[in-house]
Each structure stands twice: as structure tokens, then as C-alpha cells.
There are 2 protein chains.
Amino acid sequence: MAATTPRRRDATKTRQLLLEAALQRFTRDGYAATTVRDIADDAGVNVALISRYFKSKEGLFEACLTSSVDEIRRTTGDTPLSRTPEAIARQIAGPCTEGLPHHLVLLLRSSGDEAADRIRLDLLRSYGQRLAVAAGWPEDDETMLLRAQIVLAAATGIALLRTKSGLEPLASATAEDLVAPLRDLVDALMSKP
Amino acid sequence: MAATTPRRRDATKTRQLLLEAALQRFTRDGYAATTVRDIADDAGVNVALISRYFKSKEGLFEACLTSSVDEIRRTTGDTPLSRTPEAIARQIAGPCTEGLPHHLVLLLRSSGDEAADRIRLDLLRSYGQRLAVAAGWPEDDETMLLRAQIVLAAATGIALLRTKSGLEPLASATAEDLVAPLRDLVDALMSKP
DNA sequence: TCCCCTGGTAAACAAATGTTGACTTAAAAA
DNA sequence: TTTTTAAGTCAACATTTGTTTACCAGGGGA
């Protein structure tokens with residue numbers, strides 16, 4: 001049989017289960033409102049394993065954050081400006097079939113930990129720069145950087161408002177519904193020359 | 001002497017102190033991360049008075065929310081679309097001299113309480129409708145309602161990103177810096193015909 | 001078969017948190 | 001002055017929460 005023998009005792013697997021459960025909880029409820037027992041129960045795993053595999057609750061949160069950041073980096077790698085609205089819309093509305101929550105929202109969750117804050121800030125900064133560059137501006141143009149960051153803020157704001165409050169029609173808008181307004185938004189902010 | 005005798009023991013005053021301290025904490029750190037002892041210390045008041053004046057921590061949060069909603073309703077009462085960008089910019093950047101945090105951010109804080117959720121949702125919905133109407137659209141136009149809510153989401157997203165992460169240049173942008181991009185944003189989303 | 005290493009469990013811990021009730025004291029009313 | 005009412009304080013409470021420690025058990029290698 002292949003190397004993927006279905007072992008009942010699999011540290012890697014349980015680690016993954018914990019990570020996914022934590023990602024869901026932290027994104028939906030925030031850091032402080034989430035308890036380690038909640039996460040462990042969701043994962044169907046003993047609480048003590050969190051401390052073992054991730055050192056602490058904060059360690060688990062940090063792992064979630066880097067995982068989410070990696071995911072964002074992977075799915076949004078060098079998108080041209082023309083495709084940015086769709087990319088954002090898909091990011092916000094989710095891959096439709098996926099039950100996982102929006103990675104953007106996790107970026108707004110805070111544990112008070114400094115390491116986590118730096119991870120978050122690094123992604124936001126580089127994301128903003130990438131957006132400005134994709135729009136054809138020099139990356140040290142402060143005005144355009146501000147505009148790019150506003151696009152970013154708008155995206156996260158939409159994602160947050162969607163999940164937190166059942167504000168209709170925004171809450172249940174599909175990616176198709178969102179792409180047209182987002183195109184207008186991105187165009188107006190970024191391609192102004 | 002007038003009715004405003006400066007009493008040392010003033011229930012109304014202490015209530016107010018608690019409300020302001022709570023507003024600050026809840027907005028900055030969120031509901032779960034804020035303890036009643038933090039609030040009481042900030043206000044220079046005994047902890048037990050929170051339960052006395054507001055019934056519970058959740059009661060205090062609800063009071064904060066309605067207070068903030070009232071403030072938003074007062075300062076943004078029937079603004080024409082042409083002035084909306086400035087109004088938003090000022091709301092986001094704060095009245096400059098004021099130490100109070102952004103009321104918009106509190107709208108994204110959640111205590112899990114249902115009553116609070118309804119208050120929040122009501123404001124967001126009416127705010128969105130008002131925006132659509134101010135732009136000259138019928139208030140039952142779903143497409144424009146969605147666009148108005150995206151404007152709202154963008155505003156809250158900016159406010160949140162400003163306070164949570166020190167993302168520059170967004171974090172320390174002034175109201176003047178923000179008004180031009182916001183004008184482009186609002187124009188692109190709302191006045192499309 | 002026996003041993004041992006590692007994944008998993010359970011109970012307990014100290015610290016923190018929201019809330020309550022009895023007590024004290026300032027200041028207005030008599 | 002005395003009385004009374006309300007504002008404020010103090011200490012304790014029952015839970016909850018993150019973390020640790022000691023213990024159990026399955027399964028691969030000898």
C-alpha cells in the first residue's frame with residue numbers, strides 16, 4: 001500500500017485538525033472569545049494537545065495566521081490589475097464550495113501578541129505594494145499606496161460585514177454580484193492617470 | 001445657585017464616566033478582551049458599580065452601542081451625496097482634537113448578545129438605505145443597496161485597519177488625505193447612470 | 001513474544017473574570 | 001442635630017480558562 005497508511009494515531013493529522021478548527025473559530029469569533037476547549041472539541045481531540053503541538057493558545061493563533069497568510073499569498077500571486085476585482089470577489093465570497101471562512105477576516109483578529117501583529121502587518125504592506133505595482137505605479141508613490149490600501153480595507157471591510165452582521169443584500173451576495181461594484185471601485189481608486 | 005450643584009457623589013456623572021471608558025475599551029480591544037475591572041479602573045470607579053448601573057457587562061456594552069449609534073445618526077443626518085465623502089473622511093479620521101475612537105469600529109464589535117446584534121443591524125441597514133436615497137435611487141433598488149453597503153463596508157474597513165494595524169500611510173492619513181480617494185470611491189459606486 | 005517509544009487522556013492547578021450581598025459614608029431632608 | 005436615602009466600597013463567590021503533570025495504550029522493532 002502507499003505511504004498514506006490510515007493510522008489511527010497520527011500526530012500530523014491531529015495537528016492539522018486542530019489548525020483547521022482553530023482557523024474557523026478564531027476567524028468567526030475572534031481570539032479572546034475563543035477558548036482552547038472549544039477548538040479541541042471541534043477537532044475531536046484532547047485539550048492538552050494544543051499546548052503540546054503549538055506550545056500555547058497564542059502559538060496556535062500564530063500558526064493559523066501564517067497558514068492564512070500563505071494561503072492568501074498563494075492564491076493572489078501576481079494578479080494583473082484587470083483581474084484584481086475578480087480575485088477579490090472570489091476571496092471575499094469564498095470558493096463557493098469551500099466551508100472555510102475568509103482568510104481576510106483573520107487578518108483583523110488580534111491576540112495582542114507582537115509576533116502575530118508583525119506577520120499581519122507584513123502581509124498587508126506587501127499586498128498593498130503589489131496592488132500599486134500591478135496598477136503600474138512606482139511602489140514608493142505614497143498617494144497610490146494609500147489608495148491601494150483603501151482597496152484592501154474595502155475588501156476586508158466587506159468580508160467582515162458579511163460574516164458579522166447579516167446585512168442584506170451584502171451578506172448573501174455572490175462573487176458575481178460583487179465583481180461589478182468591485183471593478184468600479186478598483187478602477188476609480190487605482191487607474192486614475 | 002443653579003441646579004448644577006457640584007456634588008461629589010453624582011450617580012449620573014459616574015455612569016457617564018463608565019460609559020466613556022467602556023466605549024474606548026470596547027472599541028479598541030473588543031468585547032471579550034475587555035474586562036469590567038479594566039473599565040472601572042479607567043473610569044476611576046469601583047467595579048461593582050457597573051453591575052449596579054448597567055445590570056451587567058453586556059448591558060454596558062449595549063448602552064455603548066446605542067450611544068454610538070445615536071452619535072452616528074446625529075452627525076450624519078441627511079448628508080447629500082456630494083458631501084458624503086467628506087462626512088465619511090471626518091468620521092474615519094475623527095474630529096482631530098477628539099480622543100474618542102471611531103464609532104464605526106464599535107459596530108463591528110460583537111458580544112454575542114442578540115439585542116446588540118439587532119441594534120447594529122438596524123443602523124447599518126438604515127445607513128445603507130439613506131446612502132442609496134441620497135444618491136437619487138429608489139430605496140428598494142437591490143443593486144444600488146448593495147453598492148451603498150459596499151461603501152459602508154469600505155468606510156468601516158478603513159477605520160478598522162487604521163486602528164488595528166499600523167499600516168502606513170493609511171494609519172496616519174488625515175481627513176484631507178482620505179477625502180479625494182473616498183470621493184472617487186463613492187462616485188464610482190453610487191453615481192453610475 | 002516482549003519492550004519501548006510516542007500519541008493520547010484525565011485530572012488538577014492557579015489565575016482571572018463577572019456578579020452578588022453586606023457594609024460604610026456622604027449629603028440631603030426632617 | 002438627627003434621620004434617612006442613596007452613592008460608593010469591600011470581600012467573597014462560583015465559573016471559566018490556559019496550562020501542566022502524571023498516567024495509559026497502541027504498534028513497530030528486537
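Proteins come first, then strands; the chains are lettered A, B, ... in the order of their sequence lines, and each starts at number 1. All values derive from a computational prediction rather than experimental measurement.
Judged as a side-chain contact (heavy atoms from CB on, under 4.5 Å), and not counting sequence neighbours, the contacts of A33(B) are A32(A), D29(B).
Defined by atom type and a distance below 3.5 Å, a donor-acceptor pair is present between the side-chain atoms of T174(B) and D177(B). Side-chain atoms of E20(B) and Q24(B) form no donor-acceptor pair, as typed in the model, at a separation below 3.5 Å. A donor-acceptor contact closer than 3.5 angstrom links the side chains of R73(A) and S126(A). With 3.5 Å as the limit, one finds a donor-acceptor pair spanning the side chains of E168(A) and S172(A).
Within the 4.0 Å cut-off from OP1 or OP2 of dG7(C), not a single side-chain nitrogen or oxygen of Y53(A) is found. For T14(A), no side-chain nitrogen or oxygen approaches OP1 or OP2 of dG7(C) to under 4.0 Å.
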Hey, what are the protein-to-nucleotides 19-23 of chain C N/O distances that come in under 3.5 Å?
| unit_1 | atom_1 | unit_2 | atom_2 | d |
| --- | --- | --- | --- | --- |
| dT19(C) | OP2 | K57(B) | N | 2.8 |

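Counting to the nearest Å, the P atom of dG18(C) and the CD atom of E62(B) are 17 Å from each other. We find that CZ of F61(B) is positioned 18 Å from P of dT17(C), with the value rounded to whole Å. Protein atom CG of L49(B) is 6 Å distant from nucleotide atom P of dG8(D), rounded to whole Å. Rounded to whole angstrom, the span from the CG atom of L60(B) across to the P atom of dT17(C) amounts to 16 Å. Between the CZ atom of R15(B) and the C1' atom of dG8(D) there is a distance of 16 Å, given to the nearest Å. When rounded to the nearest whole Å, the span between CG of D10(B) and C1' of dA28(C) equals 14 Å. Remark: P of dT17(D) and CG of N46(A) are 16 Å apart, rounded to the nearest angstrom. Rounded to an integer number of Å, the gap from CD1 of I39(A) to P of dT17(D) is 12 Å.
Axis angle, first five pairs versus last five pairs of the helix from dT1(C)-dA30(D) to dA30(C)-dT1(D): 10°, rounded to 10°.
Checked for salt-bridge contact, D42(A) and R25(A) meet the test: a charged N lies under 4.0 Å from a carboxylate O.
Pairs of residues two or more places apart, or lying in two chains, never qualify as ring pair (Phe, Tyr, Trp, His ring centres under 6.0 Å) while including a residue from residues 146-174 of chain A. Evaluation of the ring pair (Phe, Tyr, Trp, His ring centres under 6.0 Å) test over residues 143-186 of chain A, restricted to residues two or more places apart or in two chains, returns none. Among residues at least two apart or in separate chains, ring pair (Phe, Tyr, Trp, His ring centres under 6.0 Å) pairs with a member in residues 27-52 of chain A are F26(A)-Y31(A), Y31(A)-F61(A).
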